[in-house]
Amino acid sequence: DGGITQSPKYLFRKEGQNVTLSCEQNLNHDAMYWYRQDPGQGLRLIYYSQIVNDFQKGDIAEGYSVSREKKESFPLTVTSAQKNPTAFYLCASRIGSSYNEQFFGPGTRLTVL
Amino acid sequence: RKEVEQDPGPFNVPEGATVAFNCTYSNSASQSFFWYRQDCRKEPKLLMSVYSSGNEDGRFTAQLNRASQYISLLIRDSKLSDSATYLCVVTPGGSYIPTFGRGTSLIVHP
(Lines give C-alpha, C1' and ligand atoms only; values in the text may rest on other atoms or scores of the structure.)
Protein backbone atom coordinates (compact mmCIF):
# COMPACT_ATOMS: atom_id res chain seq x y z
CA ASP A 1 0.00 0.00 0.00
CA GLY A 2 1.24 3.48 -0.82
CA GLY A 3 1.43 5.97 1.99
CA ILE A 4 3.43 7.93 4.51
CA THR A 5 4.84 6.46 7.67
CA GLN A 6 6.14 8.28 10.69
CA SER A 7 8.01 6.84 13.62
CA PRO A 8 7.91 6.66 16.49
CA LYS A 9 4.26 7.35 17.31
CA TYR A 10 5.16 8.61 20.77
CA LEU A 11 8.51 10.02 21.84
CA PHE A 12 9.73 11.21 25.19
CA ARG A 13 12.80 13.34 25.51
CA LYS A 14 14.73 14.90 28.30
CA GLU A 15 15.55 18.56 28.09
CA GLY A 16 18.82 19.20 26.31
CA GLN A 17 18.61 16.16 24.05
CA ASN A 18 18.30 16.17 20.27
CA VAL A 19 15.79 13.77 18.76
CA THR A 20 15.10 12.76 15.18
CA LEU A 21 11.62 12.04 13.85
CA SER A 22 11.34 9.76 10.88
CA CYS A 23 9.14 10.33 7.82
CA GLU A 24 9.07 7.96 4.86
CA GLN A 25 6.79 7.92 1.80
CA ASN A 26 6.40 5.52 -1.10
CA LEU A 27 4.04 7.70 -3.11
CA ASN A 28 6.84 8.93 -5.37
CA HIS A 29 6.04 12.49 -4.31
CA ASP A 30 8.67 15.16 -4.84
CA ALA A 31 7.49 17.56 -2.14
CA MET A 32 7.55 16.83 1.57
CA TYR A 33 6.60 18.97 4.55
CA TRP A 34 6.91 19.05 8.31
CA TYR A 35 4.26 20.69 10.47
CA ARG A 36 3.84 21.24 14.15
CA GLN A 37 0.43 21.28 15.82
CA ASP A 38 -0.18 22.47 19.37
CA PRO A 39 -3.45 21.81 21.24
CA GLY A 40 -6.29 23.87 19.80
CA GLN A 41 -4.01 25.33 17.17
CA GLY A 42 -3.66 25.01 13.44
CA LEU A 43 -0.76 23.46 11.58
CA ARG A 44 2.40 25.53 11.43
CA LEU A 45 5.02 24.84 8.77
CA ILE A 46 8.51 24.00 10.04
CA TYR A 47 10.39 22.99 6.88
CA TYR A 48 9.55 21.87 3.38
CA SER A 49 11.38 20.28 0.50
CA GLN A 50 10.33 20.44 -3.13
CA ILE A 51 13.08 18.19 -4.42
CA VAL A 52 15.88 15.94 -3.21
CA ASN A 53 18.88 17.73 -1.67
CA ASP A 54 16.94 20.97 -1.32
CA PHE A 55 14.77 22.31 1.49
CA GLN A 56 13.50 25.64 2.78
CA LYS A 57 12.55 27.04 6.16
CA GLY A 58 8.92 27.44 6.99
CA ASP A 59 7.36 29.80 9.50
CA ILE A 60 8.85 28.25 12.65
CA ALA A 61 12.19 26.64 11.65
CA GLU A 62 14.23 27.84 14.63
CA GLY A 63 15.44 24.91 16.73
CA TYR A 64 14.76 22.35 13.98
CA SER A 65 16.84 20.83 11.19
CA VAL A 66 16.07 18.54 8.27
CA SER A 67 17.76 16.63 5.49
CA ARG A 68 16.53 15.33 2.15
CA GLU A 69 19.08 12.89 0.85
CA LYS A 70 16.50 10.54 -0.65
CA LYS A 71 13.20 11.22 -2.32
CA GLU A 72 11.37 8.88 0.06
CA SER A 73 12.76 10.25 3.32
CA PHE A 74 12.56 13.60 5.12
CA PRO A 75 13.72 13.27 8.74
CA LEU A 76 13.25 16.10 11.21
CA THR A 77 15.65 16.73 14.08
CA VAL A 78 14.36 18.62 17.07
CA THR A 79 17.40 20.19 18.67
CA SER A 80 17.96 21.36 22.22
CA ALA A 81 17.69 24.91 20.88
CA GLN A 82 13.93 24.45 20.38
CA LYS A 83 12.55 26.04 23.53
CA ASN A 84 9.13 24.43 23.62
CA PRO A 85 9.27 21.21 21.59
CA THR A 86 6.34 19.34 23.15
CA ALA A 87 3.82 19.06 20.31
CA PHE A 88 2.25 16.84 17.66
CA TYR A 89 4.48 16.63 14.57
CA LEU A 90 2.99 15.84 11.18
CA CYS A 91 4.77 14.98 7.98
CA ALA A 92 3.07 15.40 4.62
CA SER A 93 3.88 14.88 0.98
CA ARG A 94 2.49 16.07 -2.31
CA ILE A 95 3.19 15.83 -6.01
CA GLY A 96 5.81 18.56 -6.38
CA SER A 97 5.18 22.04 -7.68
CA SER A 98 1.47 21.53 -7.97
CA TYR A 99 -1.74 22.57 -6.36
CA ASN A 100 -2.76 19.02 -5.54
CA GLU A 101 -3.72 17.85 -2.09
CA GLN A 102 -1.25 16.83 0.59
CA PHE A 103 -1.18 13.41 2.19
CA PHE A 104 -0.29 13.15 5.86
CA GLY A 105 1.47 10.58 7.97
CA PRO A 106 -0.04 9.49 11.30
CA GLY A 107 2.12 11.91 13.28
CA THR A 108 4.60 11.73 16.15
CA ARG A 109 3.65 13.04 19.56
CA LEU A 110 6.76 14.44 21.24
CA THR A 111 6.85 15.12 24.96
CA VAL A 112 9.78 16.77 26.69
CA LEU A 113 10.15 15.69 30.29
CA ARG B 1 -5.77 39.91 8.80
CA LYS B 2 -4.84 36.22 8.90
CA GLU B 3 -4.38 34.52 5.55
CA VAL B 4 -7.00 31.85 6.23
CA GLU B 5 -9.66 32.30 8.88
CA GLN B 6 -12.19 29.90 10.29
CA ASP B 7 -14.70 30.15 13.12
CA PRO B 8 -13.26 27.72 15.71
CA GLY B 9 -16.72 26.78 17.03
CA PRO B 10 -17.59 24.39 18.45
CA PHE B 11 -20.70 23.90 16.40
CA ASN B 12 -22.95 21.70 18.51
CA VAL B 13 -25.75 20.15 16.43
CA PRO B 14 -28.20 17.26 16.80
CA GLU B 15 -28.09 14.22 14.56
CA GLY B 16 -29.85 14.86 11.28
CA ALA B 17 -29.16 18.59 11.27
CA THR B 18 -27.64 20.55 8.43
CA VAL B 19 -24.58 22.58 9.32
CA ALA B 20 -22.39 24.92 7.30
CA PHE B 21 -18.90 26.28 7.84
CA ASN B 22 -17.20 29.13 6.07
CA CYS B 23 -13.53 29.86 5.58
CA THR B 24 -12.23 33.21 4.38
CA TYR B 25 -8.90 33.79 2.68
CA SER B 26 -6.96 36.98 2.06
CA ASN B 27 -4.94 36.21 -1.07
CA SER B 28 -7.11 36.89 -4.09
CA ALA B 29 -4.71 34.94 -6.31
CA SER B 30 -5.22 31.69 -4.40
CA GLN B 31 -5.30 28.69 -6.68
CA SER B 32 -6.37 25.61 -4.77
CA PHE B 33 -8.79 24.94 -1.95
CA PHE B 34 -9.45 21.90 0.16
CA TRP B 35 -11.39 20.76 3.19
CA TYR B 36 -9.68 18.27 5.49
CA ARG B 37 -11.13 16.41 8.42
CA GLN B 38 -9.07 15.85 11.56
CA ASP B 39 -10.16 13.55 14.35
CA CYS B 40 -8.81 14.04 17.85
CA ARG B 41 -5.11 13.18 18.07
CA LYS B 42 -5.03 11.97 14.46
CA GLU B 43 -3.65 13.28 11.20
CA PRO B 44 -5.73 15.44 8.83
CA LYS B 45 -7.39 13.52 6.01
CA LEU B 46 -8.67 14.99 2.79
CA LEU B 47 -12.43 15.40 2.82
CA MET B 48 -12.88 17.10 -0.51
CA SER B 49 -11.43 19.50 -3.00
CA VAL B 50 -13.24 22.75 -3.73
CA TYR B 51 -13.72 23.71 -7.34
CA SER B 52 -15.03 26.91 -8.85
CA SER B 53 -18.09 24.98 -10.01
CA GLY B 54 -18.68 23.52 -6.56
CA ASN B 55 -18.24 19.95 -5.46
CA GLU B 56 -20.67 17.48 -3.92
CA ASP B 57 -19.90 14.12 -2.35
CA GLY B 58 -22.86 12.45 -0.72
CA ARG B 59 -23.94 14.54 2.25
CA PHE B 60 -21.09 17.01 1.79
CA THR B 61 -21.08 20.03 -0.49
CA ALA B 62 -18.20 22.45 -0.91
CA GLN B 63 -18.38 25.76 -2.71
CA LEU B 64 -15.99 28.53 -3.66
CA ASN B 65 -16.88 32.21 -3.85
CA ARG B 66 -13.93 33.99 -5.43
CA ALA B 67 -15.57 37.39 -5.42
CA SER B 68 -16.01 37.35 -1.65
CA GLN B 69 -12.94 35.18 -1.06
CA TYR B 70 -14.41 32.38 0.95
CA ILE B 71 -15.09 28.69 0.68
CA SER B 72 -17.87 26.83 2.40
CA LEU B 73 -18.65 23.30 3.54
CA LEU B 74 -22.21 22.11 3.98
CA ILE B 75 -22.99 18.88 5.80
CA ARG B 76 -26.50 17.51 5.49
CA ASP B 77 -28.12 14.89 7.72
CA SER B 78 -25.30 15.04 10.28
CA LYS B 79 -24.10 11.79 11.81
CA LEU B 80 -22.43 11.22 15.15
CA SER B 81 -19.37 10.13 13.19
CA ASP B 82 -19.12 13.58 11.59
CA SER B 83 -17.85 14.94 14.91
CA ALA B 84 -14.35 16.20 14.16
CA THR B 85 -12.38 19.33 13.36
CA TYR B 86 -12.68 20.58 9.79
CA LEU B 87 -9.63 22.32 8.36
CA CYS B 88 -9.71 24.72 5.47
CA VAL B 89 -6.59 24.74 3.27
CA VAL B 90 -5.76 27.39 0.68
CA THR B 91 -2.73 27.59 -1.59
CA PRO B 92 -1.76 31.02 -2.90
CA GLY B 93 -0.92 31.26 -6.54
CA GLY B 94 2.75 30.70 -7.35
CA SER B 95 3.88 29.56 -3.91
CA TYR B 96 2.75 25.92 -3.78
CA ILE B 97 2.80 26.24 0.02
CA PRO B 98 -0.60 25.47 1.50
CA THR B 99 -1.94 27.62 4.31
CA PHE B 100 -4.12 25.97 6.91
CA GLY B 101 -6.91 27.51 8.88
CA ARG B 102 -7.10 26.70 12.58
CA GLY B 103 -10.10 24.49 12.04
CA THR B 104 -13.76 24.43 13.00
CA SER B 105 -14.87 21.96 15.63
CA LEU B 106 -18.12 20.09 15.01
CA ILE B 107 -19.90 18.07 17.69
CA VAL B 108 -22.91 16.04 16.63
CA HIS B 109 -25.01 14.81 19.56
CA PRO B 110 -27.83 12.24 19.73
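The structure presented is a predicted model; accordingly, all values stated were derived computationally and were not measured. Labels below follow one simple rule: chain letters A, B, ... track the order of the sequence lines, proteins then strands, and each chain is numbered from 1. Quick note: numbers below take in every heavy atom, side chains included, and nothing from hydrogens, waters or symmetry partners.
Between chain A and the options B/S32, B/P44, B/G103, the largest number of non-hydrogen pairs under 4.5 Å is found for B/P44.
If you measure heavy-atom distances from A/R44 to chain B, you find no contacts under 4.5 Å at all. For B/Y36, the part lying near chain A is the side chain, with the backbone staying farther off; criterion is any non-hydrogen pair under 4.5 Å. For A/Y48, the part lying under 4.5 angstrom from a heavy atom of chain B is the side chain only.
In this structure the side chain of B/I97 reaches within 4.5 angstrom of the side chain of A/Q50, judged on heavy atoms.
Note: the hydrophobic cluster containing B/F33 also contains B/W35 (ILVMFWY, side chain heavy atoms under 4.5 Å, direct or indirect links). A chain of hydrophobic side-chain contacts below 4.5 Å, direct or via other Ile, Leu, Val, Met, Phe, Trp or Tyr residues, connects B/V90 to B/L64. Residues A/Y10 and A/L90 are members of separate hydrophobic clusters, defined by side-chain heavy-atom contacts under 4.5 angstrom among Ile, Leu, Val, Met, Phe, Trp and Tyr. Under the 4.5 Å side-chain heavy-atom criterion for ILVMFWY residues, a single connected hydrophobic cluster contains both B/F60 and B/V13.
Heavy atoms from other residues, nucleotides or ligands lying under 6.0 Å from CD1 of A/I51 number 12 at most. For B/Q6, the CD atom counts as densely surrounded, since its 6.0 Å shell holds more than 12 non-hydrogen atoms of other residues, nucleotides or ligands.
Listed here is the closest heavy atom pair of B/E43 and A/G105: CB-O, 2.9 Å. Minimum interatomic distance between B/Q38 and A/F88 (heavy atoms only, all atoms of both residues): NE2-CE2, 4.3 Å.
Atom-to-atom distance recorded for B/L46:CG and A/N100:CG is 10.5 Å, nearest 0.5 angstrom. To the nearest 0.5 Å, atom CZ of residue B/R102 and atom CD of residue A/Q37 are 11.0 Å apart.
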Run the numbers on B/F34 and A/Q102 for side-chain contact (heavy atoms from CB on, under 4.5 Å), then give the verdict.
-> CA-CA 10 Å; B/F34 301 99; A/Q102 291 174 306; over 6 Å; no
